[in-house]
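Just below is one structure, and these are the notes that go with it.
What you see below is based on every heavy atom in this structure, not just the backbone, and it leaves out hydrogens, waters and symmetry mates.
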Amino acid sequence: MRPLSRDLTDFLRLSLDEAALDRLEWRDFGKGVRLGKLAREGKAGLLLYRIEAGAPRDAFAPHRHVGGEAYLVLKGVIADDTGRYPQGSFVWLPPDSKHTPWAEGETIVLVLWPEGVKVEDA
């Protein structure tokens, strides 16, 4: 199933404050990926992923989004088996969707998980 997505750059300009990003508490997620938790309520989580330019394609394990996933690519590109989503792309993955994303170049993504995530067997 292809996710619902829209490139918002025709009416949205994204500008990141790198100093403010650096002040966030980041947790090393391994393989060139860091996670910054912004808010949490029960199983729902709002977070940032910061992915280094040299992160390997397998930096993320295959996973399933029980309640779906919404994300906005703030910098760089996120890709998976459904497509390629550059800066300014808003993506909605429906409940129970599975994917194994990777980044192209340095990438920052704002993510909302309504019901968390489950790592799947490869």
Side-chain angles (χ1 to χ4, degrees):
M1 172 186 286
R2 185 152 175 85
L4 178 65
S5 67
R6 172 73 157 79
D7 179 352
L8 304 178
T9 57
D10 53 344
F11 59 86
L12 176 70
R13 292 190 209 286
L14 295 171
S15 175
L16 295 173
D17 183 334
E18 294 288 340
L21 286 172
D22 289 340
R23 287 191 298 272
L24 289 174
E25 287 188 36
W26 293 96
R27 182 175 65 116
D28 185 14
F29 203 64
K31 295 186 177 184
V33 177
R34 292 187 292 159
L35 176 88
K37 292 183 180 179
L38 301 177
R40 184 161 182 98
E41 181 74 33
K43 292 181 180 180
L46 183 63
L47 50 108
L48 287 170
Y49 275 114
R50 194 173 206 174
I51 306 144
E52 295 174 1
R57 191 169 167 151
D58 69 345
F60 289 94
H63 58 274
R64 180 170 61 91
H65 296 282
V66 178
E69 175 185 55
Y71 64 87
L72 176 62
V73 182
L74 301 175
K75 181 178 185 176
V77 176
I78 287 292
D80 63 17
D81 58 330
T82 66
R84 185 177 180 275
Y85 308 100
Q87 178 179 337
S89 296
F90 180 82
V91 180
W92 166 250
L93 298 168
D96 288 321
S97 57
K98 298 176 187 179
H99 72 148
T100 308
W102 65 87
E104 296 177 9
E106 182 183 2
T107 301
I108 300 175
V109 184
L110 176 65
V111 178
L112 170 64
W113 292 335
E115 294 182 41
V117 64
K118 287 186 79 167
V119 174
E120 298 282 312
D121 293 327

Can you give each donor-acceptor pair under 3.5 Å made by side-chain atoms of residues 72-81, sequence neighbours left out, with the distance rounded to 0.1 Å?
from	atom 1	to	atom 2	distance (Å)
K75	NZ	E18	OE2	3.4
K75	NZ	E106	OE1	3.3
D80	OD1	T82	N	2.8
D80	OD1	T82	OG1	2.5
D80	OD1	G83	N	3.3
D80	OD2	H99	ND1	2.9

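Under a hydrophobic-cluster definition in which Ile, Leu, Val, Met, Phe, Trp and Tyr are linked whenever side-chain heavy atoms come within less than 4.5 Å, directly or via other members, Y85 and L112 are assigned to different clusters. Cluster membership for L16 and L8, using ILVMFWY side-chain heavy atoms within less than 4.5 angstrom, is shared. No chain of hydrophobic side-chain contacts below 4.5 Å, direct or via other Ile, Leu, Val, Met, Phe, Trp or Tyr residues, connects L21 to I51. Grouping the Ile, Leu, Val, Met, Phe, Trp and Tyr side chains by contacts below 4.5 angstrom, directly or via other members, places I108 with L14. Under a hydrophobic clustering in which Ile, Leu, Val, Met, Phe, Trp and Tyr are joined whenever their side-chain heavy atoms come within less than 4.5 Å, directly or via other members, W113 and V66 fall into different clusters.
Within the structure, the salt bridge (charged side-chain N to carboxylate O under 4.0 Å, His left out) test picks out the following pairs touching residues 86-103 (sequence neighbours left out): R64-D96, K98-E120. Among residue pairs with one or both ends in residues 28-49, those qualifying as salt bridge (charged side-chain N to carboxylate O under 4.0 Å, His left out) are K31-D58; sequence neighbours excluded. Applying the ring-ring contact (aromatic ring centres under 6.0 Å, His included) test to every pair with at least one member in residues 2-36, sequence neighbours left out, gives these pairs: F29-Y49.
Scanning all heavy atoms of the two residues, the minimum distance from T107 to A103 falls at OG1-CB, 3.5 Å. For the pair T9 and G88, the tightest heavy-atom approach, listed with the atom from each and the gap, is CG2-CA, 3.7 Å. Pairing each heavy atom of P114 with each of G67, the nearest pair is CG-O, 3.5 Å. In this structure, P3 and W92 approach most closely via the heavy-atom pair CB-O, 3.2 Å. Taking every heavy atom of both residues into account, A59 and A55 meet most closely at CB-CB, 4.4 Å.
Remark: W102 pairs with no residue by the side chain to side chain donor-acceptor pair (under 3.5 Å) rule, at least two apart or across chains. In this structure, D7 has no salt bridge (charged side-chain N to carboxylate O under 4.0 Å, His left out) partners at least two apart in sequence or on a different chain. Residues forming a salt bridge (charged side-chain N to carboxylate O under 4.0 Å, His left out) with E52 (at least two apart in sequence, or on another chain): none. E115 is linked by a side chain to side chain donor-acceptor pair (under 3.5 Å) to nothing, counting only residues two or more places apart in sequence or in another chain. Listed by chain and number, the residues in a side chain to side chain donor-acceptor pair (under 3.5 Å) with R84 are E104 (sequence neighbours excluded). With sequence neighbours excluded, the residues satisfying side chain to side chain contact (heavy atoms under 4.5 Å, CB included) with R23 are A19, A20. Residues passing the salt bridge (charged side-chain N to carboxylate O under 4.0 Å, His left out) test with D10 are R6, sequence neighbours excluded. Checked against ring-ring contact (aromatic ring centres under 6.0 Å, His included), F90 has no partners two or more places apart in sequence or in another chain.
Using bins of under 30°, 30° to 60° and over 60° for the plane-to-plane angle, the ring pair H63/F60 lands in the tilted bin.
Taking the side chain as every heavy atom from C-beta outward, V109 and L47 never approach each other to under 4.5 Å. Considering only heavy atoms from C-beta on, L110 comes within 4.5 Å of L38 through its side chain.
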